[in-house]
Amino acid sequence: MVSLNFYLVLSAILFAIGTIGVLTRRNAIVIFMCVELMLNAVNLTFIAFSKYLGNLDGQIFVFFVMTVAAAEAAVGLALMIAYFKNRESIDVEDMNLMKW
Amino acid sequence: METLFFLIVAAIAVICSLMVVTNKNPINSALSLIMTFFCLATLYVMLEAPFMAAIQVIVYAGAIMVLIVFVIMLLNIKSEAGRRTSHALFMGISVGLLLLVQTWYLLVKSSLSSVRGTVDSAMISKVGHTELIGKSLFTDFLLPFEITSILLLVAIVGAVVLSKKKL
């Protein structure tokens with residue numbers, strides 16, 4: 001049986017890669033995909049703990065995280081399309097209307 | 001044997017997620033992300049959560065990623081013109097690595113101390129994973145489940161309002 005630490009280390013690596021993507025990319029859709037990657041890393045942690053603690057509550061939580069991700073995808077992509085219609089770009093460097 | 005299989009799947013997942021971050025073309029990033037999701041679904045099967053693996057493939061790799069690929073093609077996004085400035089790149093990568101060190105430290109210094117539940121592999125193979133999840137979802141977690149439906153309703157309304165012609 002694979003040890004719990006293997007899963008946690010993999011999850012930490014995926015989360016860190018997702019963070020780096022969010023902070024270094026300029027394309028809003030790629031940033032969005034990196035956020036999904038971070039959510040999935042957390043889901044892996046939940047399911048690994050759920051297995052090793054013999055409790056299903058973590059998997060119920062993963063279920064809710066997936067629902068939130070779906071809702072986020074719908075609203076976020078609608079926002080991006082609305083922004084693209086106005087500015088012809090989804091580069092986050094162009095989004096400076098509220099910059100101080 | 002199982003550890004070897006885990007290492008192979010984990011390596012593919014990490015490589016594909018690196019490709020999500022480094023690819024210039026958003027479509028390639030999306031395809032790499034789908035591959036990562038499939039690797040995670042494999043890991044869920046290894047963790048005796050077949051229902052979660054199915055949802056991962058259907059909802060994430062199916063629905064959400066199709067939506068993202070659809071929007072990428074609809075907006076006809078070209079490959080990114082330029083990257084961020086080098087100090088933004090440096091700061092982003094160092095924050096990511098700091099996060100990794102932090103989680104590593106937490107993992108090394110902490111120990112798992114919690115009450116063990118009653119669910120084990122014998123019970124999962126006897127009762128069935130989906131049935132266990134369903135029972136838990138409709139008894140202990142009924143209120144969060146209902147609130148989730150409101151969340152989805154709000155998301156639908158939000159998406160419709162945002163895609164109006166005159167915003």
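Order of the sequence lines fixes the chain letters, A, B, ..., with proteins taken first and strands second; residue numbering starts at 1 for each chain.
Across all their heavy atoms, Leu100(B) and Ala12(A) have their closest contact at CD1-O, 3.6 Å.
Proximity to chain B is limited to the side chain of Phe64(A), based on heavy atoms less than 4.5 angstrom apart. Residue Leu99(B) touches chain A through its side chain alone, counting heavy-atom pairs closer than 4.5 Å. Only the side chain of Phe32(A) comes within less than 4.5 Å of a heavy atom of chain B; its backbone N, CA, C and O stay farther away. Only the side chain of Thr36(B) has a heavy atom closer than 4.5 Å to any heavy atom of chain A. Neither the backbone nor the side chain of Gln102(B) comes within contact range of chain A; no heavy atom of the residue lies under 4.5 Å from a heavy atom of that chain. With a 4.5 Å cut-off on non-hydrogen atoms, Phe90(B) does not touch chain A at all. Residue Met65(B) touches chain A through its side chain alone, counting heavy-atom pairs closer than 4.5 Å. Interface residue Leu74(B): only side-chain heavy atoms are found under 4.5 Å from chain A. For Leu47(B), the parts lying near chain A are the backbone and the side chain together; criterion is any non-hydrogen pair under 4.5 Å. Using a 4.5 Å cut-off between heavy atoms, Ala10(B) touches chain A through backbone and side chain atoms alike. With a 4.5 angstrom heavy-atom cutoff, Leu10(A) touches chain B only via side-chain atoms. For Gln59(A), the parts lying under 4.5 angstrom from a heavy atom of chain B are both the backbone and the side chain. Residue contact with chain B, scored on non-hydrogen atoms closer than 4.5 Å, involves the backbone and the side chain of Val9(A) alike. Of the two parts of Leu33(B), only the side chain, counted from C-beta on, holds a non-hydrogen atom closer than 4.5 Å to a non-hydrogen atom of chain A. The contact between Leu7(B) and chain A is made entirely by side chain atoms (from C-beta outward), counting heavy-atom distances below 4.5 Å. For Ile17(A), the parts lying near chain B are the backbone and the side chain together; criterion is any non-hydrogen pair under 4.5 Å. Interface residue Leu67(B): backbone and side-chain heavy atoms are both found under 4.5 Å from chain A.
Ranking Asn55(A), Ile60(A), Leu23(A), Ile31(A) against chain B, the residue ahead of the rest is Ile60(A), based on heavy-atom pairs under 4.5 Å. Note: Gly54(A) leads Gly21(A), Ala78(A), Ser50(A), Gly54(A) in heavy-atom pairs under 4.5 Å with chain B. Chosen from Ala69(A), Cys34(A), Gly76(A), the residue pairing most often with chain B at heavy-atom distances under 4.5 Å is Ala69(A). For the options Leu79(A), Val22(A), Leu4(A), heavy-atom pairs under 4.5 Å to chain B are most numerous at Leu79(A). Contact count versus chain B (heavy atoms, under 4.5 Å) is highest, among Asn40(A), Thr67(A), Leu53(A), for Asn40(A). Your options are Ile47(A), Asn43(A), Thr19(A), Asn5(A), and the one with the most heavy-atom pairs under 4.5 Å with chain B is Ile47(A).
Contacts between residues 134-143 of chain B and chain A, counted as heavy-atom pairs separated by less than 4.5 Å, involve Ser136(B), Leu137(B), Phe141(B).
Taking the six-membered ring for Trp and thresholds of 30 and 60 degrees, Tyr7(A) and Phe6(B) have ring planes more than 60 degrees apart, a perpendicular arrangement.
Residues Phe6(A) and Val108(B) are members of one and the same hydrophobic cluster, defined by side-chain heavy-atom contacts under 4.5 angstrom among Ile, Leu, Val, Met, Phe, Trp and Tyr.
A search for salt bridge (charged side-chain N to carboxylate O under 4.0 Å, His left out) contacts involving Glu48(B) returns Lys51(A), not counting sequence neighbours.
For the atom pair Ile64(B) CD1 and Glu72(A) CD, the distance stands at 8.0 Å (nearest 0.5 Å).
Side chains of Leu40(B) and Leu14(A) form a contact here, defined as non-hydrogen atoms less than 4.5 Å apart.
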